[in-house]
Amino acid sequence: MTQRLGDTPSAHHPSTRRTRTAPEPVCQWRLLRSRQREPRHDRSDRDDSRDEGVAEQRIAVDADQDGPGGRLQPLREDGQPADRPERVRDLAAAMAEREYAQHPRWVWAATEDVYPRLLPRLPESRLGRCHDAKLVEPLLLAHEGRYGEPRSLGAAWARLQGLPVPEDLRLGLAEAESDAHAQDALFAPDRSRLGPGVDPLTALVAVHAEQQRRLAALPEPTRRGLRLLSAAESAGGLVAAELTYDGLPWSTEVHDALLEELLGSRPTTAQAAGGARPPKLAALAVELQDALGGRPLNPDSPGQVLRAFAEQGVSLQSTRNYLLRQVDHPAAPLLLRYKELSRIYAAHGWAWRDAWVRGGRFRPEYVVGGVVSGRWASRGGGALQIPRILRGAVVADPGWRLVVADAGQLEPRVLSALSNDPGLIRAGAAGDLYAGLAADAFGGDRARAKLGLLGAMYGQTSGEVGPLLAVLRRRFPQAMGLVEAAARTGESGGVVESRLGRLCPPPSASWQEAGFAEPSPSGELGEDRTGSAARSRGRFTRNFVIQASAADWALALIAALRRRLGEIPPGPDGARPRLVFFQHDEIVVHSPLPLTGTVAAAVAASADEARRLVFGDTPVRFPMDTHIVERYADAKDGGDAQDAEADEDEGY
DNA sequence: AACTAACGCGCC
DNA sequence: AAAGGGCGCGTTAGTT
């Protein structure tokens, strides 16, 4: 039995745990201690070989508000103090020492408040694992029927004490918390939200013990899932802070070259302030104006553009790209090109770079669990929306490479594993799931197979998808049954959950009061509107079970990969591979060239580990498309390999 | 002038 | 007949 993810023993099958737990914990304790004294890189299989049932050592951490010191409080796994708290003058050094000797799980109020300050002062090996009380709290609250309550240590402490949750935390929740984040400068500890006179370490220890108790009180299999999810979410906190700290390699030179090629030379500051466009954009604007009758036209104004098209005899509902592509008028392609370039200029041009790239690294902030499905969000710089056309600017350092890997066709594979649908499992077994689906049920038409399955996962019923759904229902009844059951649950006001037990939000109060409807602008609640709101929620819950379970898997993936990367012995110059990008189902590792093979193997092993942890003994595989490249853009085939023929395994 | 809503599009 | 999930961010257009 393997122990992965740097995780709680409870992540294992209960049967296995029971058989191992019974005999002499003391002996196991000694065994563990002696093993842990070995240098980290000499015990790369530490977690695999760790005996189950041995109490995990935890240490609560309270960093001083200012200065390098802090307090450490050893805890038992159930959260009860195991020793007296200790004040240390150099918190990072003290933690590094204990990390090496004991490999504890660090318990703190919020990784985002503590870890960024520690990172520059920690050795390259960093910390192994943690329990982030602020990330675990909402996972538990949802299971207690208190979805969306404030999650910070201050709020959790108030609930624990039976005190009213502070008003600023109760109002607007996310807003209050993010405002606090903004105004408290960079890394103000979350404990500032405790009431006056409350010892932050006392509150943390109590809240953590209570969280452990609440986890233990959950029924199986929810308990196992939520413990695993809590550990994975906490690991995500570590990864997120490290992604920001290490940064994504970004070549100003290449970015400049790309921008010049697309837009022309950069406008001066004064020109830009005066609203001047870069040369190629300005030229396009003139061309477009001429093509639309020659009157003054702001191509950025949808209203003006629509009117101009109307004067040309072209009737358009909006200026959306997919509509413009169908328009047979010389202005249409010009406008499409203008919009494409204009967006690059505005969203990822020189101004963006000035704001977000420093010292050859793009350092966005990542928001763990920022999406209700458990996907991450980002803050600043549009980290999760880097246009493909600019990915050439992500360039490895000299002597380094990027190991770019994405989980191909992740969501349909997740549906496959969730539903255990034999037909869908067979379709995905050979590699290209959509091709297998096409061969099985769509007469070899891969495009239709893909369209149908995506429609089933998103709740689409219109257009050409309708008939495809009928085929899917007949041939893949278990898979379709699962998503349709999720939709029905949502439509009737219920909640659904991910594989590991992340719950979707309940319907809003207004939705419920209105009898599953939203008031129409006129205040009427017609039958149509009632049905429309219900169906909308059905589409949400239908997709949630898949998207959130995919997020479970991805979180397990990065947690495993982080641990495995840490176990790779550094190069002779001490250089280590670092995870530098994570986007839903895709990762980028910046690695010294000689280590790239080991990194690629770690990626594959992590994907399989995530499969096992999240989906148990499913026959479904989650293959990673892995490319070792100098530039991110060279790892084409990212996302879904659909239309990009067979271009596998190049780049090695 | 400052704010908000709606839109549109980048990514998955 | 039709009614595709989740985000961040920049724009215009409308409001205060």
Side-chain angles (χ1 to χ4, degrees), chain A residues 178 275 298-306 316-324 335-336 338-349 351-352 355-356 364-367 369-391 406-412 414-415 450-466 468-469 483 486-487 490-491 496 498 504-505 521 528-551 554 581-587 632 638-640 642:
Chain A
S178 70
N298 174 8
D300 293 319
S301 165
Q304 288 186 33
V305 170
L306 287 184
L316 274 171
Q317 291 291 342
S318 77
T319 62
R320 291 182 191 183
N321 289 343
Y322 76 96
L323 288 175
L324 284 171
L335 180 57
L336 282 168
Y338 175 87
K339 292 199 328 178
E340 183 187 2
L341 295 182
S342 146
R343 184 174 174 83
I344 289 168
Y345 174 55
H348 285 94
W352 171 86
W356 296 107
E365 280 182 68
Y366 296 85
V367 187
V371 182
V372 293
S373 66
R375 277 186 177 183
W376 291 12
S378 68
R379 219 167 10 218
L384 303 182
Q385 300 125 258
I386 302 171
R388 289 181 166 271
I389 198 170
L390 291 185
R391 291 185 181 184
D406 76 283
Q409 306 169 333
L410 178 59
E411 297 203 344
V414 165
L415 173 57
K450 182 184 174 190
L451 203 62
L453 192 52
L454 289 176
M457 292 189 298
Y458 291 153
Q460 185 179 13
T461 54
S462 65
E464 52 182 317
V465 173
L468 305 181
L469 294 182
V483 293
E491 286 172 9
V496 295
S498 76
C504 82
D528 282 356
R529 268 205 81 77
T530 306
S532 142
R535 280 192 292 275
S536 170
R537 186 150 196 283
R539 287 192 297 278
F540 168 64
T541 51
R542 170 195 292 263
N543 183 251
F544 183 94
V545 293
I546 299 173
Q547 186 183 118
S549 298
F581 193 58
F582 168 54
Q583 183 181 36
H584 311 314
D585 61 356
E586 180 175 14
I587 58 95
Y632 192 6
D640 175 40
Q642 74 278 25

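All chains are named by letter (A, B, ...) in the order of the sequence lines, taking the proteins before the strands, and each is independently numbered beginning at 1.
Put simply, CD on E464(A) is 13 Å from P on dG4(C), counting in whole angstrom units. Here the C1' atom of nucleotide dC9(B) and the CG atom of L341(A) are 14 Å apart, to the nearest Å. Atom CG in L336(A) sits about 13 Å away from atom P in dG8(B), given to the nearest Å. One can place NE2 of H348(A) at 21 Å from P of dG8(B), the figure rounded to the nearest angstrom. Rounding to whole angstrom units, NZ of residue K450(A) and P of dG4(C) are separated by 17 Å. Regarding Y345(A), its OH atom lies at a distance of 19 Å from the C1' atom of dC9(B), rounded to whole Å.
Contact annotation for S342(A): no contact, since no heavy-atom pair falls under 4.0 Å across all strands. Among the protein residues, I344(A) comes within range of no part of the nucleic acid, since none of its heavy atoms lies under 4.0 Å from any strand. In this structure, Q583(A) reaches the sugar-phosphate backbone alone: every heavy-atom distance under 4.0 Å involves primed, P, OP1 or OP2 atoms, never a base. Among the atoms of the strands shown, none is found under 4.0 Å from any heavy atom of G455(A).
Taking only side-chain nitrogens and oxygens, K339(A) never comes nearer than 4.0 Å to OP1 or OP2 of dG8(B). Considering only side-chain N and O atoms, N543(A) lies nowhere under 4.0 angstrom from the phosphate OP1 or OP2 of dG6(C). For R542(A), no side-chain nitrogen or oxygen approaches OP1 or OP2 of dG4(C) to under 4.0 Å. Residue R539(A) places no side-chain N or O under 4.0 Å from the OP1 or OP2 atom of dG4(C). Within the 4.0 Å cut-off from OP1 or OP2 of dG4(C), at least one side-chain nitrogen or oxygen of S462(A) is found.
Inter-residue side-chain proximity for R542(A) and M457(A) is flagged as unmet; no heavy-atom pair is nearer than 4.5 Å. In this structure, the side chains of P505(A) and F540(A) come closer than 4.5 Å at one or more pairs of heavy atoms.
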**Request:** Assign a letter to each nucleotide of nucleotides 8-16 of chain C from its 5' end: B, base within under 4.0 Å of a protein heavy atom; S, sugar-phosphate only; -, no contact.
**Result:** BSS-SS---
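Out of dG8(B), dC12(B), dG6(C), the shortest distance to the side chain of F540(A) is found at dG6(C).
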**Request:** In sequence, state the C-alpha distance, the side-chain angles, and the governing distance for L324(A) and K339(A), and then conclude on side-chain contact (heavy atoms from CB on, under 4.5 Å).
**Result:** CA-CA 11 Å; L324(A) 284 171; K339(A) 292 199 328 178; 4.0 Å; yes
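A donor and an acceptor atom sit less than 3.5 Å apart, one in the side chain of R375(A) and one in the base of dC12(B).
Under the stacking criterion of a centre-to-centre distance below 5.5 angstrom and an interplanar angle below 30°, Y458(A) sits stacked against the six-membered ring of dG5(C).
Ionic pairing of R388(A) and E340(A) is not present here: no N-O contact between side-chain nitrogen and carboxylate oxygen is shorter than 4.0 angstrom.
Nearest heavy-atom pair, P299(A) versus Y338(A), reported as atom, atom and distance to 0.1 Å: CG-CZ, 3.5 Å.
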